[in-house]
Amino acid sequence: MNEFANTRSDTRSRLLIVDDVHENLHTLIDILREDYVISAATGGEKAIELANREPQPALILLDIKMPGMDGYAVLAALKSKPATRDIPIIFVTALAEAADEARGLALGVNDYITKPVNPELLKMRIRNQLELHRYRQQPVPLERTPPGGMAPQPLLLVVDDIAENIYELLEALKGEYRVIGASNGAQALEAVRGSTPPDLVLLDIMMPDMDGYEVCRQIKAMPAASHIPVIFVTVVDATPGKLKGFALGAADYITKPFDIDEVRARIRTHVELARLRNFFEELLVQRTAMLQTSEAKYRELVENANALILRLAPDGTITYFNEFAQAFFGYTSAEIQGLHVVGSIMPRFDSGTGRDLAAMMAEILAKPEAFENNENNENENITRDGRRVIVRWSNRGIFDKDGQRVGLLCIGQDVTARRAMEKELAAHRDRLEEQVAARTAELALAKESAEAANLAKSTFLANMSHEIRTPLNAITGMVHLLKRDGATPQQTIRLEKIDTAGQHLLEIINAILDLSKIEAGKLLLEENNVEVESVVENVVSMLHHRAQAKGVELLVAPALANHHLAGDATRLQQALLNYASNAIKFTDAGTVTLRVGLDEESAEDVLARFEVEDTGIGIAPEILPSLFSSFEQADNSISRKYGGTGLGLAITRKLAQLMGGTAGAVSTPGKGSRFWFTARLRKCQGQAPAAPHALTGSPEEILMRDHQGRRILLAEDEPINREITQELLSDIGLAVDLAGDGCEAVEMAAKNDYALILMDMQMPHMDGLEATRQIRLLAKGATMPILAMTANAFSEDKAQCLAAGMDDFITKPVDPALLFATLLHWLSAQ
């Protein structure tokens, strides 16, 4: 048997705590060891043995879930034996389901406490059960049956601003109690003040106008109603709310949604306890009045009380000091009797507040009834060794048989530790609030800095993209015009190199923008029908000439078949193209193989696996872990023979992650590598849409054949780009008018009829967005196709253009083939 006691063990009740988890056991012991003698058991069999051993526990705290014999079995065993049947048992458990509580109540458990334990609530429930048990041990008639009938059922007052809650409790309790309702605090107080006050109040906290705390405070302030138990039935389950309720005098808490069996059990406990308390309070008054003729009975009553009990003469001298008070203050009865209470155990002034305690004591002696149950009647006292303590006192006048007051009965409770804890908690709360405020301010500043940095980065990238794309458009455009006009073989080779360098520079810009958008969380995936075979064929088609030029054979393994899938085909193609381009770049001879398969499949989707395997130079094992990091390359440590930014693999992995998959690689130096990524694609019903009917001729040829002479307005402020675009359009037979800024574009659109307008975004005087808005207000501009042709390549830029009223979006540097295809689409639509 484990027992936790100290030198006061002979005056305190004995508790048995049963829990198989040592941490839970020690938590309960730490909470209760100052007030009780503690025995502990970690199993059901040991608990039964200790319950039968002398001295028996006054109360048992019992866990439900334990190995071997659980709490229900222990409860049933104890309730089946006469020796242990009457010991109060409280379940302390993490099980909070109604069925669990109903089972325990059916077996005879006295109360429930749910883990994690609220210390104040636990102590209150233990005190209630111990007090109720002591009262039940004394077979006294607590109420008389009125003449001619049975005693009336207890009257309950249910206070809730929601009528359904009142009705639910009324229906559940009406067979056992008389139940009345109140929908607000004012009605509740009126009922309590009425001619038939309730025996118990079930009180909601959250109500308009007057909340439950204020109602409870006012009830407890009524001398005639302060004894009425108040049980809060509320959704408020936070510890500060409970502490506030207990401080106001609440008897218990029941948390919504409640189990009606628990409600009945709590009501029965507190109704019975209230009646018992009222009876014994009356009995105490009667015995106090008989003090002069029955000193022996008086001593028997108070000497064994677990409280500080003093009797004062009308002048304030101490005439009685019980044993508990002697042990607490350090004076023997002989030493203290005859001394005035002020100057012996009560200082003249409170050391902390300076309150005049001598004056307060004079008021108590003059009118003790005003201080009988005053919740603020706490004051500083002093022990023999100079220790300052805080005691809560209840004072009641002692009268002789003629009704003359002959003294004062003072009953005290040491609340020093509680007040110290409350003070420490308040200080800790203040410190915590200061820390939280400071940290919140720091986080706000950090957030502002991060947002500013992110905005600056996005603005910088957008500006750099625009500034690079604008001259790059001139370079690639001029190359296209020179190649079209004819050149010598040597010039053609040089132009091809310029064009290749320009395309490489464009790929770098696009990669940086993609990575920036992914890391900023601004890259949005589209969802449309995905033909995996077409994705693979497109990649092979784009890389066929490059592979052929190096003498590398490009192979395709069978792709997914008979699957109708949805996802972002563009990003799948981009990721696969990154892998395949790298494979060809790092393979000087042999093969590059593209494969597609399945890793997982469910009724809703598939996890597709895309692989590219090559017979190239391979990668050293120590390089692989950092290969997918941004700006990392496999040959950083050597010569960067093959070039590149190191962004392709990082972007591929991030795209795969956005699509619900991941990416990786295996490689053997000198033998080749296999790169893979996965993507989750949703299954969709039916066939994928058929490819559009092939046009007879290229877009350039169709424009020259079917749309020659149609009039186009080009709004562009940069002279070289304006010249290049004008030549491209003129060469296919379109008539081109030029506008140098948005103002000119609006004027010309108002005067002339155009088949289509190509609009730059950034122009002096008036930008393309405002120009588009104004053109749309014109009678002839409402349906006129307006296409953005701009170096602003962010998705936000496209969104701004469409929001301003533009119909399509072409980025610079302009791909002539894409430009012609887009023009054909909009001119044909007319």
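Bear in mind the structure is a predicted one, so any value in this text is a computation, not a measurement.
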Please check: side-chain N/O of [X] versus main-chain N/O of [Y], any donor-acceptor pairing under 3.5 Å?
{"X": "Glu531", "Y": "Ser534", "result": "no"}
{"X": "Gln574", "Y": "Thr570", "result": "no"}
{"X": "Arg776", "Y": "Gly781", "result": "yes"}
{"X": "Asn752", "Y": "Met748", "result": "yes"}
{"X": "Glu701", "Y": "Ser698", "result": "yes"}
{"X": "Lys550", "Y": "Ala589", "result": "no"}
{"X": "Ser667", "Y": "Ile619", "result": "yes"}
{"X": "Gln548", "Y": "His544", "result": "no"}
{"X": "Thr615", "Y": "Thr591", "result": "yes"}

Please determine if [X] and [Y] form a salt bridge, counting it only when a charged side-chain N lies under 4.0 Å from a carboxylate O.
{"X": "Arg722", "Y": "Asp717", "value": "no"}
{"X": "Asp753", "Y": "Arg711", "value": "no"}
{"X": "Glu716", "Y": "Lys812", "value": "yes"}

Between Trp826 and Asp807: side-chain donor-acceptor atoms closer than 3.5 Å = no

Which heavy atom in [X] sits nearest to a heavy atom in [Y], and how many Å separate them?
{"X": "Tyr754", "Y": "Ile712", "result": "CD2-C, 3.8 Å"}
{"X": "Gly618", "Y": "Ser673", "result": "CA-OG, 3.6 Å"}
{"X": "Met761", "Y": "Cys801", "result": "SD-SG, 3.4 Å"}

message = Can you tell me which residue among Thr790, Ile786, Leu729, Val736 is in a side chain to side chain contact (heavy atoms under 4.5 Å, CB included) with Leu758?
response = Leu729

Summary of salt bridge (Lys or Arg N to Asp or Glu O under 4.0 Å) pairs that have at least one residue in residues 817-830, sequence neighbours excluded = none

message = Once ring-ring contact (aromatic ring centres under 6.0 Å, His included) is applied, what residue pairs with a partner in residues 565-584 remain, sequence neighbours excluded?
response = Tyr579-Phe675, Tyr579-Phe677

Please output the side-chain donor-acceptor pairs of residues 604-612 that fall under 3.5 Å, not counting sequence neighbours, one pair per line with the distance.
| unit_1 | atom_1 | unit_2 | atom_2 | d |
| --- | --- | --- | --- | --- |
| Asp605 | OD1 | Ser602 | OG | 3.0 |
| Asp605 | OD1 | Arg680 | NH1 | 3.3 |
| Arg609 | NE | Glu611 | OE2 | 2.8 |
| Arg609 | NH1 | Asp599 | OD2 | 3.2 |
| Glu611 | OE2 | Arg674 | NH1 | 3.4 |

key: Euclidean distance, Met806 CE relative to Leu769 CG, rounded to 0.5 Å   =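 Those atoms lie 5.0 Å apart.
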
